[in-house]
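Protein chains get the first letters and strands the later ones, always in sequence-line order, with residue 1 at the start of each.
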Amino acid sequence: MHEKFDTIVVGAGPAGNAAAYTLAKAGLSVLQIERGETPGSKNVQGAILYADALERIIPDFRDDAPLERYLIEQRGWLLDDEAYVGGNYRAEAFNRPPYNRYTIVRAQFDKWFSKKVQDAGGLVICETTVRELIFDGDRVAGVLTDREGGAIYADLVILADGVNSTLARKAGFHPELKPKDVALAVKETLFLAPEIIEPRFNVKGDEGVAIEMVGKITKGMIGTGFLYTNKESLTIGVGCMLSDFAAQKIPPYVMLEEMKAHPAIRPLLEGAEVKEYVAHLIPEGGYDAIPKLYGNGWMIAGDSAGLVNAVHREGSNLAMTSGRLAAETAIDLHAAGQPFSAANLAGYKQRLDDSFVMKDLKKYRRLPAALHRSPHFFTLYPELITLAAHQWVKVDGVDKKSKEREVRRAFAGRRGWLGMMGDAFRLWRAFE
Amino acid sequence: MMRVNVEEKLFQNRYKVDAGRPHIQIRDPDVCRSQCQAQQCTTCCPAGCYTAEGNGAVTLITDGCLECGTCRVICTEFRNVDWEYPRGGFGILFKFG
């Protein structure tokens with residue numbers, strides 16, 4: 001293979017597919033390289049698809065994309081060991097097309113997206129691992145794959161090779177990920193008949209529910225759990241900062257099993273059959289952990305660029321948007337006859353800065369540090385709040401004023417007013 | 001802590017093992033045995049690929065690897081994990097992902 005392409009895209013996840021599709025549709029020659037047997041076979045997500053990001057790339061995706069359920073209800077739970085306090089947001093507005101969020105199965109969805117890339121004229125080769133980038137001076141000139149005669153050349157390489165981005169690390173574009181900047185998530189897919197899912201989660205037809213959970217399930221680690229409804233399956237998972245897993249020595253699969261046994265969660269899983277167990281790193285270092293995004297002959301997008309909004313559980317939409325913006329940057333330069341130099345590709349960073357991607361990440365840039373400093377949000381507060389709820393709900397002949405006093409005393413005694421004010425201030429600053 | 005057999009979980013998964021060509025290797029087993037106190041890989045790996053042996057050594061079997069990258073990232077002190085993706089087409093093949 002000594003052909004030369006306008007562009008090479010490494011990886012066939014949301015970022016890579018968005019980039020490859022946009023490039024191919026604009027008429028640039030695109031080679032997309034994927035290490036999995038098929039696109040999607042190496043990819044892991046919760047998985048919720050945010051329609052808007054995809055709509056901007058494939059407006060009529062709903063016609064044939066493999067979608068599971070559209071979400072009409074979001075539940076948020078704060079869990080103690082044996083209790084939870086929760087809130088639901090369910091809106092009829094989410095029950096009218098065009099739907100805003102869908103659950104998806106990535107192995108199927110990524111295959112569909114890749115077919116769109118191929119239909120648009122992109123050349124996709126699977127079962128091929130890119131080992132390293134090929135340089136011409138300081139310019140990226142191509143990639144070296146693990147195939148016979150594996151060097152392939154292009155004017156531009158877009159790295160969408162996922163959170164581990166071995167290519168960016170080997171090239172010295174990125175330092176190694178830090179355990180405090182990355183979450184480890186484990187997840188299972190469990191089969192359950194739709195006739196059971198629907199009444200159990202109070203939905204019908206293609207409606208679905210997402211549950212996000214914070215509290216004792218993560219054993220004092222910074223992290224969250226989730227439970228999503230697919231058409232004929234449920235996905236349940238939990239993710240925490242890797243630095244916390246390392247410090248506490250609790251294996252992630254033990255955390256997952258204990259979470260599944262929680263009295264609030266176990267009944268929802270009853271009768272469901274585990275069909276797959278997966279694990280994945282999520283770059284959650286936020287704005288301050290974002291590496292260099294472009295250079296001579298290269299751009300980087302999606303998880304490999306650390307573009308994840310951990311607060312809102314958004315990642316795939318940032319990935320698709322960054323892939324699209326990288327492609328649009330290249331398309332404009334190509335049309336203007338300009339080279340893919342670092343100076344010209346700075347336009348990619350500008351486009352990201354002008355989009356929700358960087359605006360949102362910038363908004364929450366203080367959050368990772370605030371959470372690392374106040375682990376009480378994941379242990380003590382869920383405990384105290386469930387205690388308060390318990391006092392509020394339980395009728396036992398104790399007068400309400402005494403109950404209030406007990407709750408106040410618990411808050412003051414366990415964390416202290418100053419501590420709580422500090423936590424509130426840090427949280428406010430982080431969300432401001 | 002609940003006792004969980006991770007192998008039972010991995011049994012549900014689909015793999016195409018590249019026999020005799022592990023994609024991850026411990027660079028210097030002596031470092032794990034005699035210098036690393038924490039041996040985080042033995043508790044953090046979500047597939048239980050790393051085992052703390054009675055004699056202080058750490059052994060690695062990559063057959064059940066989920067290709068997440070945890071072991072490489074947490075080996076902060078000694079950088080003793082040589083981590084690559086498997087050859088194209090090999091390794092974990094997610095059915096759902």
Side-chain angles (χ1 to χ4, degrees), chain A residues 33-38 40-45 47 105-110 125-131 145-147 161 163-164 166 176-179 182 184-186 188-189 230 233 235 242-243 245-254 256-258 261 274-281, chain B residues 1-16 18 21 23-24 36-52 64-79 81-97:
Chain A
I33 306 171
E34 163 57 41
R35 66 189 186 88
E37 182 182 47
T38 54
S41 72
K42 294 291 185 180
N43 304 348
V44 170
Q45 194 192 334
V105 172
R106 280 286 300 272
Q108 294 163 14
F109 178 83
D110 291 359
I125 56 167
C126 291
E127 300 191 292
T128 305
T129 302
V130 175
R131 288 297 177 208
T145 71
D146 63 354
R147 295 276 186 118
D161 53 337
V163 58
N164 282 299
T166 51
E176 180 56 275
L177 293 161
K178 294 188 181 74
V182 64
L184 168 62
V186 290
E188 284 178 349
T189 298
N230 290 337
S233 61
T235 56
L242 194 47
S243 48
F245 271 121
Q248 299 211 20
K249 294 187 175 287
I250 297 171
Y253 42 85
V254 171
L256 179 63
E257 278 310 304
E258 292 189 358
V274 178
K275 288 294 181 185
E276 188 173 63
Y277 165 70
V278 305
H280 196 56
L281 293 181
Chain B
M1 212 186 301
M2 193 188 266
R3 285 184 71 88
V4 179
N5 182 358
V6 72
E7 271 150 38
E8 253 169 55
K9 291 185 178 296
L10 302 175
F11 185 69
Q12 298 293 330
N13 295 354
R14 206 176 135 232
Y15 294 93
K16 187 171 163 192
D18 199 355
R21 293 178 68 157
H23 61 286
I24 304 172
C36 183
Q37 299 291 311
Q39 301 190 339
Q40 304 98 320
C41 53
T42 61
T43 55
C44 288
C45 170
C49 293
Y50 292 81
T51 310
C65 178
L66 299 165
E67 299 169 26
C68 68
T70 293
C71 56
R72 189 195 74 245
V73 176
I74 51 149
C75 194
T76 48
E77 206 177 335
F78 300 104
R79 294 272 172 244
V81 178
D82 189 14
W83 197 97
E84 289 284 344
Y85 282 124
R87 275 197 295 163
F90 287 93
I92 182 77
L93 300 166
F94 292 122
K95 296 176 287 185
F96 310 102

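- Within the 4.5 angstrom heavy-atom criterion, only backbone atoms of A:N43 (N, CA, C, O) approach chain B.
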_For B:R14 and A:E276: C-alpha separation, side-chain torsions, deciding distance, then whether salt bridge (Lys or Arg N to Asp or Glu O under 4.0 Å) applies._
CA-CA 9 Å; B:R14 206 176 135 232; A:E276 188 173 63; over 6 Å; no

*Go through the steps to decide whether B:E67 and A:K42 satisfy the test salt bridge (Lys or Arg N to Asp or Glu O under 4.0 Å), and finish with yes or no.*
CA-CA 8 Å; B:E67 299 169 26; A:K42 294 291 185 180; 3.0 Å; yes

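- In terms of heavy-atom pairs under 4.5 Å with chain B, the best-connected choice from A:D146, A:L242, A:I250 is A:L242.
- Counting only distance, with no hydrogens or angles, the side chain of B:T43 and the backbone of A:K249 share no donor-acceptor pair below 3.5 Å.
- Within the 3.5 Å criterion, the main-chain N or O of B:N13 finds no donor-acceptor partner in the side chain of A:K275.
- The part of A:T189 that comes within reach of chain B is its side chain, from C-beta onward, which places non-hydrogen atoms under 4.5 angstrom from that chain.
- Side-chain atoms of A:Y277 never come within 3.5 Å of backbone atoms of B:V6 as a donor-acceptor pair (strictly under, hydrogens ignored).
- A heavy-atom distance below 4.5 Å is found between the side chains of B:T76 and A:P179.
- At least one side-chain heavy atom of B:W83 sits less than 4.5 Å from a side-chain heavy atom of A:T166.
- When side chains are defined from C-beta on, B:K16 counts as touching A:E127, because their heavy atoms get closer than 4.5 Å.
- Of the two parts of A:V105, the backbone and the side chain both hold a non-hydrogen atom closer than 4.5 Å to a non-hydrogen atom of chain B.
- Contacts with chain B were tallied for A:Q108, A:R106, A:E37; A:E37 has the most, counting heavy-atom pairs under 4.5 Å.
- A salt bridge is defined here as a Lys NZ or Arg NE, NH1 or NH2 lying under 4.0 Å from an Asp or Glu carboxylate O, and A:R131 with B:E84 meets this definition.
- In plain terms, the two heavy atoms of B:P86 and A:R35 that are nearest each other are CD-NH1, 3.7 Å.
- At a 4.5 Å heavy-atom cutoff, A:A47 makes no contact with chain B through either its backbone or its side chain.
- Only the side chain of B:R79 comes within contact range of chain A, with heavy atoms under 4.5 Å apart.
- Annotation: the span from B:R3 atom CZ to A:E257 atom CD amounts to 13.5 Å, rounded to 0.5 Å.
- For the set B:C41, B:P46, B:G69, B:G91, the count of heavy-atom pairs under 4.5 angstrom toward chain A peaks at B:P46.
- Using a 4.5 Å cut-off between heavy atoms, B:T70 contacts chain A through both its backbone and its side chain.
- Only the backbone of B:C45 comes within less than 4.5 Å of a heavy atom in chain A; its side chain stays farther off.
- No side-chain heavy atom of A:F245 sits under 4.5 Å from any side-chain heavy atom of B:I74.
- The contact between A:E188 and chain B is made entirely by side chain atoms (from C-beta outward), counting heavy-atom distances below 4.5 Å.
- Listed for the A:E258 side chain is a donor-acceptor partner under 3.5 Å among the backbone atoms of B:M2.
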*salt bridge (Lys or Arg N to Asp or Glu O under 4.0 Å) between B:R72 and A:E176: does it pass, once the steps are laid out?*
CA-CA 9 Å; B:R72 189 195 74 245; A:E176 180 56 275; 2.7 Å; yes

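- Between atom CG of residue A:N164 and atom OH of residue B:Y85 there is a gap of 4.0 Å, rounded to the nearest 0.5 Å.
- Both the backbone and the side chain of A:L177 come within contact range of chain B, judged by heavy atoms closer than 4.5 Å.
- Atom OH of A:Y253 sits about 9.0 Å away from atom CD of B:E7, to the nearest 0.5 Å.
- For A:V182, the part sitting under 4.5 Å from any heavy atom of chain B is the side chain, from C-beta outward, and nothing else.
- Comparing A:T128, A:V254, A:D110 by how many heavy-atom pairs each has under 4.5 Å with chain B, the most go to A:V254.
- With respect to chain B, the highest number of heavy-atom pairs below 4.5 Å among A:L256, A:L184, A:V163, A:V130 belongs to A:L184.
- In this structure, B:F94 and A:A107 approach most closely via the heavy-atom pair O-CB, 3.9 Å.
- Neither the backbone nor the side chain of B:F11 comes within less than 4.5 Å of any heavy atom in chain A.
- Between A:T129 and B:F90 the shortest side-chain heavy-atom distance does not fall below 4.5 Å.
- If you tally non-hydrogen atom pairs under 4.5 Å between each of B:V73, B:T42, B:I92 and chain A, the highest count goes to B:V73.
- Contacts of A:I33 with chain B are absent, with no heavy-atom separation under 4.5 Å from either backbone or side chain.
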